[in-house]
Peer 1: 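Quick one: this structure, given as structure tokens, is what I'll be asking you about.
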Amino acid sequence: MKNHEIARIFQVIAEYLEMEGVRFKPYAYQKAALTLENLKDSVEDIYNQGGLKGLKAIPGVGESIAQKIEEYLNTGKIEYYEEFRRKLPIDLDALIAVEGMGPKKAKMLFEKLGITNLTELEEAARSHKIAPLKGFGDKTEANIIEGIEFVKKSTGRFLLGEVLPLADRVLATLRALPEVQRADVAGSLRRMKETIGDLDFLAISSQPEKVMDFFVSQPEVVKVYGRGQTKSSVRLRQGVDMDLRVIPPGSYGAALQYFSGSKEHNIALRQIAIDKDYKLNEYGLFEGDRMIAGATEEEVYAKLGLPWIPPELREDRGEIQAAQAGTLPTLIRLEDIRGDLHVHSAWDGGVNSIAEIAQAAMALGYEYVGISDHTQFLRIEHGLDEKQLRQRNREIDALNEKLRRAGKHFTVLKGCEANIMNDGSIDITDEVLAELDYVIAGIHSTFRMPRVEMMARLRTAMNNPHVDIIAHPTGRILKKREEYEVAVGELLKIARETGTILEINSYPERLDLGDSNILAAKRTGVKMIINTDAHHIDQLRYLPYGIAQARRGWAEKDDIVNAWGLKKFLEFMKPGR
DNA sequence: GCCGTTTTCGGCCCGACTGTTTTCAGTCG
């Protein structure tokens, strides 16, 4: 799909415009980029069927942007963008990925020091060339160095949400090949880790040659590292490396186990094999020279005296002991989820109407959906004030009435994503909060607060009898920003004491709480909720990423409040309303 | 550059914070 390519270009155009200090236009390009990113249909199809007029029907796309899409579809480039790149030939994306660096600073550093990329930025910062510049200083320079270090730590890894759709596509194509009897994804992707280094595929095939031919000649391959009988490695245009191994059927389970990892889990498993005088490797489980298991994972685990362990648990975090004791958790599944409670509507600048959201949620088989628009503090997100919240509530009431009359067993809940101010207070009056079905509260400003103050802030918010759920509790942004100063142990204790639910946010950059915090929450007896934070109905499909985190954190149905029916869910909300 | 149940022009993207300054520019949500 060209949608993503064009969205990316629009995003960079927005940054270039920002750089030049142009007002409002960046917003228009950003909005168009967001819409394209989430569009279900390909712009090629839309253009082929409806021409320029069809493109202009896309929200946020007008005359000028439609023409640029047309230009890209016809020529593969957009001259407006190329012009910017000639004028300011810098790796803008990489530079502003550094926390604290924005388009303006990037421009300044290019003009004064000729900095075009991360390496040059780091060199300049380390040799103290940046601090003396007007508008910069020692702290900015130190922050840049810190930011670069964080970015470097996470380079080479991709978000689960970035690579999973890609891997699914490759896997589906592999499985469709007549020469392939079986194919699976292994590695950290199978374990659904939040970030992925590279993709490992395994296959059984009677004609490995043909499978390898296919693998190395996929349209997105830009580099072939190697092509052999049993293993090939390639790099895709998206920057991801992929391996494919063809495995003999008798070893397939052992190989799947071995290449799924984690390394720590495998070491522990091999130790069990050694204790039984066996040997375990990627070819099978051996007693002396005799293979006693290998075709399936189940038989490998069984011969080691263990039930099959779900890949998400394979981190040597106690899953082997639990398996031995027969106490493995029954992990939460996508099918268990009854509703999504963190969804933004057009009321706060999201894309879709509440009716559209309800429709989409029903199509996903949900029993309820909660609208959680931003509140007034977040002006940029068009946060609602009390009056607007009430207006919106009336719309929801009317919609519920309509659904009821149509005989639908579906409920739209009235919520909000309120802001936790620096002192822990909420930016909406108690009176209006009490009129909602539930309240999510989150921190959206002043992240660099010292730990003691941050915890006091959170404690105050969680003690508020109207605050039911804390959104993205640690504030981390994967590959971009560390957690804010949260003492997770203390947070969990307060959550338990106050009956506050902690969110598992499914947004691919967040996945917050993360897996180990989820496990800690479960052990503390804190309830959680898996939400998408969707700003567009297509983002309701982010939920599996949150489910994956929850599964990695050992969560079961009982731990997750939106796996409960509506009545039980509502009864669990605080009695402050 | 987009958009319209007040508008085809004039709004939209505001407010807090940080780090730099001595009144403000840049960044972030």
Side-chain angles (χ1 to χ4, degrees), chain A residues 9-11 13-36 52 55-69 78 80-81 92 95-109 130-147 344 346 348-351 353 373-385 391 395 417-423 425 427 441-450 453-454 457 471-472 475-477 480-482 484 505 507 509-510 512 533 535:
Chain A
I9 292 175
F10 285 167
Q11 184 60 47
I13 288 178
E15 279 147 11
Y16 273 119
L17 288 165
E18 196 94 47
M19 225 171 180
E20 309 232 297
V22 180
R23 305 238 309 148
F24 306 118
K25 275 198 206 180
Y27 181 64
Y29 276 98
Q30 244 163 33
K31 189 125 188 167
L34 181 77
T35 314
L36 285 188
L52 261 183
L55 293 175
K56 278 167 70 177
I58 302 169
V61 175
E63 185 66 38
S64 172
I65 287 185
Q67 278 173 13
K68 290 185 176 71
I69 296 174
I78 295 173
Y80 185 59
Y81 167 66
L92 194 52
L95 291 175
I96 65 174
V98 176
E99 174 89 344
M101 281 282 296
K104 299 270 171 65
K105 281 186 182 157
K107 183 180 189 210
M108 175 91 127
L109 290 175
I130 291 177
L133 294 179
K134 191 174 162 63
F136 292 79
D138 286 339
K139 280 198 176 161
T140 304
E141 192 172 76
N143 283 342
I144 288 174
I145 291 172
E146 200 181 306
H344 296 275
D348 77 354
V351 178
S353 70
D373 295 309
H374 284 294
T375 50
Q376 55 191 343
F377 172 83
L378 276 188
R379 305 301 306 186
I380 182 94
E381 301 277 9
H382 308 94
L384 310 188
D385 59 22
Q391 277 173 1
E395 183 182 321
E417 183 184 7
N419 190 60
I420 302 175
M421 310 300 284
N422 290 0
D423 62 359
S425 63
D427 63 336
I443 287 178
H444 300 96
S445 60
T446 324
F447 301 109
R448 281 179 180 237
M449 203 175 246
E453 284 171 49
M454 186 61 98
R457 179 183 184 184
H472 37 74
R476 73 170 181 181
I477 302 291
K480 173 99 182 180
R481 187 178 75 203
E482 300 272 16
Y484 40 62
N505 189 296
Y507 224 74
E509 292 84 11
R510 288 196 183 270
D512 179 10
D533 206 347
H535 288 65

Peer 1: Can you see if the side chain of A/S445 gets near the phosphate of B/dC17 - specifically, an N or O under 4.0 Å from OP1 or OP2?
Peer 2: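 Result: no.
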Peer 1: Between A/N422 and A/F136, which is nearer to the 5' end of DNA chain B once each is assigned its nearest nucleotide?
Peer 2: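 The residue closer to the strand's 5' end, by nearest nucleotide, is A/N422.
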Peer 1: Return the orientation label for the A/Y29 and A/F10 ring planes: parallel under 30°, perpendicular over 60°, tilted otherwise.
Peer 2: perpendicular
Peer 1: Quick check on DNA chain B: between A/P26 and A/A106, whose nearest nucleotide comes earlier from the 5' end?
Peer 2: A/P26
Peer 1: To the nearest angstrom, how far is A/Q30 atom CD from B/dC3 atom P?
Peer 2: 15 Å
Peer 1: Please tell me which of the listed nucleotides, B/dG19, B/dT27, B/dA16, lies nearest to the side chain of A/K139?
Peer 2: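 The answer is B/dG19, which lies nearest to the side chain.
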Peer 1: Is there ring stacking between A/Y27 and B/dC13, where the centres must be under 5.5 angstrom apart and the planes under 30 degrees?
Peer 2: no
Peer 1: How close or far is atom P of B/dG1 from atom NZ of A/K25, stated in whole angstroms?
Peer 2: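 That distance rounds to 3 Å.
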Peer 1: With a 4.5 Å limit on heavy-atom distance, are the side chains of A/Q11 and A/Q30 in contact?
Peer 2: yes
Peer 1: Distance between the P atoms of B/dC13 and B/dT5, in whole angstroms?
Peer 2: 16 Å
Peer 1: Nearest to the side chain of A/A28 - B/dG1, B/dC17, B/dG19?
Peer 2: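 It is B/dG1.
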Peer 1: Can you tell which of B/dT20, B/dT27, B/dC13 lies closest to the side chain of A/T140?
Peer 2: B/dT20
Peer 1: What is the distance, rounded to the nearest whole Å, between atom CZ of A/F447 and atom P of B/dT27?
Peer 2: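 It works out to 16 Å between those atoms.
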Peer 1: Given B/dG19, is OP1 or OP2 found less than 4.0 Å from the side-chain N or O atoms of A/N143?
Peer 2: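 Answer is yes, contact under 4.0 Å.
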Peer 1: How long is the line joining NZ of A/K31 and P of B/dG1, in whole Å?
Peer 2: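 In whole Å, B/dG1 P lies 17 Å from A/K31 NZ.
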Peer 1: What is the distance, to the nearest angstrom, from the CZ atom on A/F24 to the P atom on B/dG11?
Peer 2: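 After rounding, the reported distance stands at 10 Å.
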Peer 1: Less than 4.0 angstrom from a charged side-chain N to a carboxylate O is my criterion; do A/K104 and A/E18 meet it?
Peer 2: no
Peer 1: Using whole Å, what does the distance between atom C1' of nucleotide B/dT20 and atom NZ of A/K104 come to?
Peer 2: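 Answer to the nearest Å: 16 Å.
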Peer 1: If only side-chain N and O atoms count, and only distance matters, is there a donor-acceptor pair under 3.5 Å linking A/S64 with A/K68?
Peer 2: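 Yes, side-chain donor-acceptor contact under 3.5 Å.
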Peer 1: What are the two closest non-hydrogen atoms of A/I443 and A/H472, and how far apart are they?
Peer 2: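 Where A/I443 meets A/H472 most closely, the heavy atoms are O-CE1, 3.8 Å.
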Peer 1: Would you indicate which nucleotide in B/dG26, B/dG29, B/dG1 comes nearest to any side-chain atom of A/K68?
Peer 2: B/dG1
Peer 1: Partner of B/dG4 by Watson-Crick or G-U wobble geometry, both contacts under 3.5 Å, or none?
Peer 2: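 In the structure as shown, B/dG4 has B/dC9 as its Watson-Crick or wobble partner.
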Peer 1: Under 4.0 Å from OP1 or OP2 of B/dG29: is there any side-chain N or O of A/N419 that close?
Peer 2: no
Peer 1: Atom CE of A/M101 to atom C1' of B/dA25: distance rounded to whole Å?
Peer 2: 15 Å
Peer 1: I need the CZ-C1' distance between A/R448 and B/dT27, as an integer number of Å.
Peer 2: 11 Å
